[in-house]
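Okay, structure first, notes after.
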Amino acid sequence: MARLLLGVTGGIAAYKSILFVRLATKAGHQVRVVQTETSQRFVAPETFRAITGAPVLTDEFEPDPMRGAFPGDPQPTHAAISHLALVENADAYVIAPATANAIAGLATGRADSLVASAYLAADCPVLVAPAMNHRMWHHPATLRNVARLREDGAIVVDPGSGALASKGEHGDGRVAEPEELLAAVEAVLSGTAPSAAVPTGPLELGPGGASPSEGSLAPGTPQDLAGLHVLVSAGGTREPIDAVRFVGNRSSGRMGYAVAARAAARGARVTVVAANVGLPDPAGCTVVPVATAEELRAACAEAFGSTDVLVMAAAVADFRPVDPEAGKIKKQGRTGMTIELEATVDVLLELSARRRPGQTLVGFAAEHGDQAVAHAREKLTRKGLDAVVVNDVSQPGIAFDATDNAVTIVTAGGDRAVARAAKERIADAILDDVLVSRGG
Ligand code: CTP
């Protein structure tokens, strides 16, 4: 059983922290609570005091009647400095809910509340559970701040997706459920968090392994991509024939979204250029929606300058109708129809031509049959890439619109087959190879 210090900041999700404290105390943990002033507009300190059996502190200068002790522990005879004594005695410091404002403060090291100064003074594991509106969660400022917290060693327990506090709004930003949060804390304390959640080594990949939910952040995930900007293209482009019809393909965006979610979970700043993807946004990523190859080209070109790693998972149309109709083509009077197509720009090739040292470029190839790897190797050289991820689209049950995939990663150093597994695991294998090719 552990001593848990809970920091509560000012959002509507503060009520869930009451449930967290109940669960934690029922499980036998000793809990103390520190609150920001704003959080007391949502939950009164008396509520936490009643459940924990200990006073709640808000102000750094407020004397702690328990002198930094946790319930059930002997109290020291000298008066303690609250923000130092409480975290010194805690086995873990959990900040939940953490508002966008609180996260910004923590990321910059501001010590403007007891919650914040306890964070700076903590040398125990710190878990941060963000809670906010989805637009705030996806704002580049928040993404930067969250990435900074991870770099600084905090374990960010990603918010979930669903109905948000503002009426009618859905999306990412709901604070992790109390049960999940407690499980995350206990996993960190027992040292089982990293490997139990998502194996990151490619050699551990195998069929039938458990898949983390898309975009979930396993507590303790190694932050080996911290400081990198990863640009991922995902989905499939649609090239208009007329106002209602298009030339498209079967790509769902699952593979690209899995790469984006895993890169974010591993600490990267992630931009996703998403072509017609009907999935929830991957957590912690900036998503730029596009429709056509030309729009995808423009969005990628804009983000590429600051990109360290490009993973081009989108199925970009190779051809598009030369002269799309502005209205809807009527069938009346026609017995057939020919649509003239023209080649689109190869976006990956174009970006590769302007790459600068230090950028890593990964392409995908949908290949059919025996010559898959040989074709991919040719693509690797022709497009000047660091890796090509080959999907053998002749295999049933993988690749297009499936949750699993099996790939071969072709690099200058050789080929590596990654056995069938959830796309998140394949994503981790690709990102591992990216790190290897960057020499890390
Ligand atoms: N790609 C691109 N722009 C295009 C077409 C493809 O950026 N207009 C990218 C894809 O995102 C992918 C890689 O290039 O990363 C695929 O290369 P490509 O040569 O198109 O391979 P295949 O789609 O497998 O097609 P082919 O059968 O022509 O080899």
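In each ligand, atom 1 is the first atom listed, and ligand 1 is the first ligand listed.
Summarising the contacts of atom 15 (O) of ligand 1 with R297, E378, K383, M312, the nearest heavy atom is found in M312. Taking only non-hydrogen atoms, the option from E367, K379, R382, H375 nearest to atom 26 (P) of ligand 1 is K379. Selection from V388, D346, V390 by nearest heavy atom to atom 1 (N) of ligand 1 gives D346.
Annotation: atom 7 (O) of ligand 1 to nearest protein heavy atom, L348 N, 2.8 Å. Nearest to atom 23 (O) of ligand 1 among the protein's heavy atoms is D318 OD2, 4.5 Å. When only non-hydrogen protein atoms are considered, atom 12 (C) of ligand 1 lies nearest to F364 O, 3.1 Å. What sits closest to atom 3 (N) of ligand 1 on the protein, heavy atoms only, is V347 N, 3.0 Å. At the shortest separation from atom 10 (C) of ligand 1 among protein heavy atoms lies A314 O, 3.5 Å. Closest protein heavy atom to atom 8 (N) of ligand 1: V345 O, 3.0 Å.
The backbone N or O of V21 lies less than 3.5 Å from a partner atom in the side chain of T25, making a donor-acceptor pair. Judged by distance alone, with hydrogens and angles left aside, the side-chain atoms of E302 form no donor-acceptor pair with the main-chain N or O of A299 at under 3.5 Å. In this structure, the side chain of R266 engages the main chain of D428 through a donor-acceptor pair within 3.5 Å. Between the side chain of Q359 and the backbone N or O of V309 there is no donor-acceptor pair closer than 3.5 Å.
Listed by atom number, the atoms of ligand 1 under 4.0 Å from A365 heavy atoms are 24 (O). Atoms of ligand 1 lying under 4.0 Å from at least one heavy atom of T344, given by number and element, are 8 (N). The contact set between ligand 1 and G363, taken as ligand atoms under 4.0 Å from a residue heavy atom, comprises 15 (O). Against a heavy-atom cut-off of under 4.0 Å, A317 is close to the following atoms of ligand 1: 8 (N).
Pairing each heavy atom of V270 with each of A263, the nearest pair is CG2-CB, 3.8 Å.
Ligand 1 is approached by A366 to a heavy-atom distance shorter than 4.0 Å.
Side-chain contact between F304 and L361 is present, with heavy atoms from C-beta onward closer than 4.5 Å. Put simply, the side chain of V410 reaches to within 4.5 Å of the side chain of T408, judged on heavy atoms. Counting heavy atoms from C-beta outward, I241 and V247 have side chains that approach closer than 4.5 Å.
Annotation: A313 places no N or O atom under 3.5 Å from an N or O atom of ligand 1; distance criterion only. Below 3.5 Å of separation, one finds no N or O of A315 facing any N or O of ligand 1.
Within the model, atoms CZ of R355 and OG1 of T307 stand 12.0 Å from one another, a figure rounded to the nearest 0.5 Å.
Side-chain atoms of T38 and Q40 form no donor-acceptor pair, as typed in the model, at a separation below 3.5 Å.
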